[in-house]
Protein chains: 2
Amino acid sequence: MDKLDERKLKILQAIIRNYLETGEPVGSRTISKYTDLNLSSATIRNEMSDLEELGYIVQPHTSAGRIPSDKGYRLYVDTMMSDKIQEVEDMKEVLLEKADKMETLLKQVAKLLAVNTNYATMVTSPQYRSRKVKFIQLTGVDEEQLLAIIVIEGNIVKNKMIDLRDPVSAEIILKMNLILNTFLQGLDPSEINLQIIKKIRDQVGGYFDLISDILDEITQAINEEEDIQTYMSGTSNIFKYPELGDMQKASELLYALEDKKELSEFIAGTTGVADEAGIQVYIGTETPMEAMRDCSVVTATYQIEEGVFGKVGIIGPKRMDYEKVVGTLQTLITQLDDIFKKKT
Amino acid sequence: MDKLDERKLKILQAIIRNYLETGEPVGSRTISKYTDLNLSSATIRNEMSDLEELGYIVQPHTSAGRIPSDKGYRLYVDTMMSDKIQEVEDMKEVLLEKADKMETLLKQVAKLLAVNTNYATMVTSPQYRSRKVKFIQLTGVDEEQLLAIIVIEGNIVKNKMIDLRDPVSAEIILKMNLILNTFLQGLDPSEINLQIIKKIRDQVGGYFDLISDILDEITQAINEEEDIQTYMSGTSNIFKYPELGDMQKASELLYALEDKKELSEFIAGTTGVADEAGIQVYIGTETPMEAMRDCSVVTATYQIEEGVFGKVGIIGPKRMDYEKVVGTLQTLITQLDDIFKKKT
DNA sequence: GTTAGCACTCCACATCATCGAGTGCTAACA
DNA sequence: TGTTAGCACTCGATGATGTGGAGTGCTAAC
């Protein structure tokens, strides 16, 4: 039913392109000149009337030009976007310079993207699927404290300080190290059950309180909500787009962006992989967040290693430059891949 | 020269109080009714005229009421603020619940403050003055990687992964541990010089490359810009205050807030302790940041232990409720103190 | 099927008048 | 000398009004 003929497609594309650039409703005369169709404005008007009836464009009010509807944008990003390869400056170098630490790297990514695109960006820290203990190390720091280092599969390192009720000798610590590693290696938290705890206790012989403390801390460290951090940047960019910029909307939107929880859940949860590069586009009401009804969100997935991945999201007005955003994300993901591969 | 008599003070106070509440210029008639001075509006007008001449209040335009100037606010917070003790709900419990980790705790603090005050808040992570190595531990993770754990005075734990060019035996690792600790304990990075490196090398005998790698990572870990994190919350609150809320100003301000670097430098650098509780108030142009000329900033210092402290800042409109903010910060600081004391 | 022409719509913008809060000043009063 | 009532004046905020222009839809001619 929605079959659009060649000409309608061309006109729709022209409308969208133009609107993306100017942000103002586009009229029939503009299109008549803008395209190479050599049609008069009147003809265009007829076609536009059809396109409106089909729901691809809307009129903000009678006697204004047309702007794309969500449906129109959708068609555009799905089928009409030109794959112009982005000549984004090589981001890798900028990134590597600062890549001493994952956290810094991700912050840097968010910032870089924000500066490059002029939209708001967010990056979530990688989520680790596996939570198997790879390695545990207890070390006496001083008389009162024990440092527990837990390495989880994927080389995530966690440390916990454990308060000692009574001093513990170096031998005991060594012994515990051995025993803990023997029993816990390769387990994930759900597998650390009473039986295992009992075995450990038997082996150590005594120090019940201490063992409980230690095991508590270890399981806590592993489970630790794998604090999906979200790093944002460029939120103030939304002021650059008048259609988001009236007090009301801007404040709502910023408020929503600030509530990182909901947002990151949405972005992290964008599982359906739409695109070979894992890039997904959400237009207007396609996002689950009310405050974003006038926005579009583009997400991408970066992967650190098998099963360890995080998300990158760009939030902008519906009339965002999808080509550029998608292109930039593509190169970014590629370059991140390179970085992580080298690091491993 | 600026001696204000009792009556002028009372009037100024009334003006400020009123303006803090309403946010609108206050006229003479209002004051005449609002105060218990029993003076007619005409008299008030004369006094107001004087106050204006002295620079404590200004008129946005002829035939509008007066609003306090920065100087007026300053006088107010310095001498006229009532010390009404804030009956802030006990924040301790809320905080302790989540206080498993410093980072989470601080984020929580920022959020709590933002919700409580309806202003924008920021919290900087504690800064450690001393950088002395307390303790180093190398552990082989697998054939290719070595985990270095560095504990710095104040029990800051850092870890670094070190790629191994060739496998290293457990004995060697043990030996290195011993040697590294012998030579590096109690030193800060500036003291790790060539001489010491040479000594270490001599002792280990061989493994030159590895030792360089390890020492590199260690010094890097210690120096690591002690990433003064800043956690912000409630930035969208600024929309609640119309005087900050016009596009232009709001966007500037948000932009400035986003540039955490400058902001946190300012807030972290607020060294002069003005108040017995370490609370400082910056009004309007007293802040070093241009974008904040219409804002006030209140900062406080929390201390974790001797020499380890961080900052809390509240950013709001000049007509912020100073009493409440200062009060809230005071209780917050007290409660944080309690929390940290208990933890130690 | 396409186009020129035309009446019509509606927003954006500027102009204008009005209203009211608040001032400064003067003159009278205690 | 300090206080007050009265009054003219200022100036922003608000709303009504008018005008111009961009753009549409429709009709009739090509």
Side-chain angles (χ1 to χ4, degrees), chain A residues 3-12 14-16 18-19 21-69 72 242-243 245-247, chain B residues 3-12 14-16 18-19 21-69 72 242-243 245-247:
Chain A
K3 274 277 169 61
L4 294 185
D5 59 31
E6 192 67 15
R7 200 170 72 178
K8 282 198 172 55
L9 276 176
K10 262 198 170 166
I11 292 173
L12 179 56
I15 293 171
I16 295 179
N18 200 282
Y19 184 67
E21 270 177 39
T22 64
E24 308 230 310
V26 5
S28 53
R29 240 181 85 79
T30 316
I31 298 300
S32 139
K33 281 185 292 183
Y34 194 74
T35 60
D36 49 1
L37 289 168
N38 272 1
L39 292 172
S40 79
S41 62
T43 316
I44 305 286
R45 274 204 291 284
N46 290 330
E47 296 287 41
M48 280 165 95
S49 190
D50 293 352
L51 282 170
E52 180 163 18
E53 212 170 330
L54 291 168
Y56 290 103
I57 51 180
V58 289
Q59 243 176 331
H61 55 264
T62 14
S63 95
R66 309 299 217 286
I67 62 176
S69 68
E243 66 265 45
D246 77 273
M247 277 303 115
Chain B
K3 275 279 168 58
L4 295 184
D5 58 32
E6 191 67 15
R7 200 171 71 178
K8 282 199 172 54
L9 276 176
K10 261 197 171 165
I11 292 173
L12 178 57
I15 293 172
I16 295 180
N18 200 281
Y19 183 67
E21 269 177 38
T22 64
E24 309 231 310
V26 4
S28 54
R29 240 183 86 80
T30 316
I31 298 299
S32 139
K33 281 186 293 185
Y34 194 72
T35 61
D36 50 0
L37 290 168
N38 273 2
L39 292 173
S40 78
S41 62
T43 315
I44 304 285
R45 273 204 291 284
N46 290 329
E47 296 287 41
M48 279 165 97
S49 189
D50 293 354
L51 282 171
E52 181 163 16
E53 212 170 329
L54 291 168
Y56 291 103
I57 52 181
V58 289
Q59 243 177 329
H61 55 263
T62 13
S63 94
R66 308 300 216 287
I67 63 177
S69 68
E243 67 266 45
D246 77 272
M247 278 303 115

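All values below were derived from every heavy atom in this structure, side-chain atoms included, with hydrogens, water molecules and symmetry-related copies excluded. Below, chains carry the letters A, B, ... as their sequence lines are ordered, and counting in each starts from 1.
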Q. Does any donor-acceptor pair link the side chain of A/Thr62 with the base of C/dT9 at a separation under 3.5 Å?
A. no

Q. Tell me, which stems hold DNA chain D, with a stem being 3 or more Watson-Crick or G-U pairs in a row and both distances under 3.5 Å?
A. C:1-30 with D:1-30

Answer yes or no: is there a side-chain heavy-atom contact under 4.5 Å between [X] and [Y]?
X	Y	result
B/Leu4	B/Tyr56	yes
B/Ile15	B/Ile57	yes
A/Leu12	A/Glu47	no
A/Pro25	A/Arg66	no
A/Ile44	A/Ser32	yes

Can you tell me how far [atom2] of [N] sits from [atom1] of [X], to the nearest Å?
X	N	atom1	atom2	result
A/Arg29	C/dT2	CZ	C1'	17 Å
A/Ile15	D/dG23	CD1	P	12 Å
A/His61	C/dC8	NE2	P	19 Å
A/Gln59	D/dA22	CD	P	17 Å
A/Ile31	D/dT24	CD1	C1'	15 Å
A/Ile67	C/dC11	CD1	P	14 Å
A/Arg66	C/dC10	CZ	P	14 Å
A/Ile57	D/dG23	CD1	C1'	13 Å

Q. Do other residues, nucleotides or ligands put more than 12 heavy atoms under 6.0 Å from B/Lys8 NZ?
A. yes

(Q) Tell me whether the count of non-hydrogen atoms from other residues, nucleotides or ligands lying under 6.0 Å of CG in A/Asp5 goes above 12. (A) yes

Q) Taking B/Gln59 for the side chain and B/Ala64 for the main chain, is one N or O donor matched with an acceptor at less than 3.5 Å? A) yes

Q. Which of residues 34-52 of chain A have a heavy atom under 4.0 Å from DNA chain D?
A. A/Arg45, A/Met48

Q: Determine the sole option in B/Ile31, B/Thr43, B/Ile11 for which the side-chain contact (heavy atoms from CB on, under 4.5 Å) test with B/Leu37 is passed.
A: B/Ile11

